[in-house]
There are 2 protein chains.
Amino acid sequence: MSRDKLPRPTDAELGILRVLWERGASTVREVHETLQDGSGYTTVLKTMQIMTEKGLVMRDESQRAHVYTSRVPRENTQRQLVTDLVDRVFGGSPARLALQALSTKKTSPEELAELRQLLESLEKEAES
Amino acid sequence: MSRDKLPRPTDAELGILRVLWERGASTVREVHETLQDGSGYTTVLKTMQIMTEKGLVMRDESQRAHVYTSRVPRENTQRQLVTDLVDRVFGGSPARLALQALSTKKTSPEELAELRQLLESLEKEAES
DNA sequence: AGGTGTCAACGAAGCCTTTCGTAGATCGAC
DNA sequence: GTCGATCTACGAAAGGCTTCGTTGACACCT
């Protein structure tokens with residue numbers, strides 16, 4: 001059961017995961033208030049219940065207001081979605097995606113430095 | 001009507017778009033044969049009909065076997081999906097996505113060179 | 001104890017995607 | 001012209017996502 005591969009989170013699920021990643025363990029009320037989209041309380045509740053069934057989140061029922069925690073680390077989900085997009089749209093080439101991403105918007109000097117660092121380590125690897 | 005923003009293509013639609021980008025104008029039969037997923041002929045047909053209604057593809061009905069062409073350039077769709085993912089999962093930072101993408105898989109020397117070139121032009125820009 | 005507010009649970013509805021069976025049109029071969 | 005193959009069109013079904021109304025449980029306050 002726990003070996004099942006997790007499904008790609010839907011849009012609404014991703015919104016909720018982002019809140020849980022940001023705030024840590026939270027109640028439905030807290031998530032609902034943080035999400036400033038127009039969705040109603042019961043909608044968020046229902047979605048989080050479904051996410052529990054799917055194994056995307058964990059629920060602590062010891063309090064009256066159940067406390068939810070993400071079971072999928074942010075990094076994993078990011079990796080999953082990126083490789084998914086790479087396969088489906090960029091012919092399996094992560095570099096193509098990177099090029100596309102970088103040419104769309106502005107990037108801070110700090111991030112540029114990080115990129116340079118990664119790029120150079122990749123280049124060093126390629127020489128071997 | 002033609003000014004409407006195009007919706008995000010679904011998974012099945014993306015598969016078909018990839019074939020059209022690759023082969024150029026194609027009939028349903030050709031698309032169906034190129035796609036080596038298990039989907040049936042009528043399934044592909046129906047999806048392409050829906051895509052026509054949505055404005056994702058164009059149809060030339062002058063032949064008995066209608067000829068379909070993509071109306072959305074590959075680049076546009078890639079850009080759309082990338083900015084979408086950046087906003088929904090990477091807090092609006094394209095560089096974060098790029099870093100994630102590059103650290104997942106191998107990248108060819110040619111692509112590395114391209115990346116370096118882009119990176120350097122971005123760095124030059126940042127100095128101004 | 002009674003009233004008020006908060007919460008989870010349930011179920012249903014609406015919509016979209018994906019799938020395919022069937023029917024009708026068209027073409028080429030015989 | 002008829003037969004068989006190919007193609008589009010139509011409609012419907014199944015499943016998933018998202019939404020929310022309603023209900024019943026529980027807790028706190030007076």
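In what follows, every chain begins at residue 1, and chains take the letters A, B, ... in the order their sequences are listed. Heavy atoms only: backbone and side chains are in, while hydrogens, waters and symmetry mates are out.
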Contacts satisfying salt bridge (charged side-chain N to carboxylate O under 4.0 Å, His left out) that involve residues 91-102 of chain A (not counting sequence neighbours) are A:Arg96-B:Glu114
Run the salt bridge (Lys or Arg N to Asp or Glu O under 4.0 Å) test on B:Glu13 and B:Arg8 for me, step by step, so that the C-alpha distance in whole Å, both residues' side-chain angles and the decisive distance to 0.1 Å come before the verdict.
CA-CA 9 Å; B:Glu13 288 170 352; B:Arg8 177 153 43 122; over 6 Å; no
Short N/O separations, protein against nucleotides 5-11 of chain D, under 3.5 angstrom:
{"residue": "D:dT6", "atom": "O2", "partner": "B:Arg64", "partner atom": "NH1", "Å": "3.0"}
{"residue": "D:dT6", "atom": "O2", "partner": "B:Arg64", "partner atom": "NH2", "Å": "2.5"}
{"residue": "D:dC7", "atom": "OP1", "partner": "B:Arg29", "partner atom": "NE", "Å": "3.3"}
{"residue": "D:dC7", "atom": "OP2", "partner": "B:Arg29", "partner atom": "NE", "Å": "2.3"}
{"residue": "D:dC7", "atom": "OP2", "partner": "B:Arg29", "partner atom": "NH2", "Å": "2.9"}
{"residue": "D:dT8", "atom": "OP1", "partner": "B:His66", "partner atom": "N", "Å": "3.1"}
{"residue": "D:dT8", "atom": "OP2", "partner": "B:Tyr41", "partner atom": "OH", "Å": "2.4"}
{"residue": "D:dA9", "atom": "OP2", "partner": "B:Gln49", "partner atom": "NE2", "Å": "3.0"}
{"residue": "D:dA9", "atom": "OP2", "partner": "B:Arg59", "partner atom": "NH1", "Å": "3.2"}

Next on the checklist: Looking at C:dC20, I'd like to know if its phosphate oxygens (OP1 or OP2) sit under 4.0 Å from a side-chain N or O belonging to B:Thr43.
Outcome noted: yes
Out of D:dT18, D:dT19, C:dT18, minimum distance to the side chain of B:Ile50 belongs to C:dT18
Taken to the nearest whole Å, CD/A:Glu53 to P/C:dA8 is 15 Å
Here the distance between atom P of C:dA8 and atom CD of A:Glu30, to the nearest Å, is 11 Å
Quick one: do A:Lys124 and A:Glu120 satisfy salt bridge (Lys or Arg N to Asp or Glu O under 4.0 Å)? Show the steps, please.
CA-CA 6 Å; A:Lys124 209 165 287 176; A:Glu120 276 165 7; over 6 Å; no
For A:Val86, the side chain to side chain contact (heavy atoms under 4.5 Å, CB included) test, sequence neighbours excluded, returns A:Val82, A:Pro94, A:Leu97
Rounded to whole Å, CG of B:Asp11 lies from C1' of C:dT19 at a distance of 15 Å
Distance below 4.0 Å between B:Thr10 side-chain N/O and C:dT18 OP1 or OP2: yes
note: A:Met48, atom CE; C:dC10, atom C1'; distance rounded to Å ~ 18 Å
Between CD of B:Gln63 and C1' of C:dA25 the distance, given in whole Å, is 16 Å
Sorted by chain and number, sequence neighbours left out, side chain to side chain contact (heavy atoms under 4.5 Å, CB included) with B:Gln36 holds for none
For a quick test of reading the model: is some side-chain N or O of A:Lys54 closer than 4.0 Å to OP1 or OP2 of D:dG16? no
Atom CD of A:Glu13 and atom P of D:dT19 are separated, to the nearest Å, by 12 Å
Taken to the nearest whole Å, NE2/A:His32 to P/D:dT19 is 10 Å
Rounded to whole Å, the CG-C1' distance (B:Leu14 to C:dC16) equals 16 Å
Going by chain and number, the hydrophobic cluster around A:Leu122 (ILVMFWY, side chain to side chain under 4.5 Å) further includes A:Leu99, A:Leu102, A:Leu112, A:Leu115, A:Leu118, A:Leu119, B:Leu99, B:Leu102, B:Leu112, B:Leu115, B:Leu118, B:Leu119, B:Leu122
With sequence neighbours left out, the residues meeting side chain to side chain contact (heavy atoms under 4.5 Å, CB included) with A:Asp87 are B:Lys105
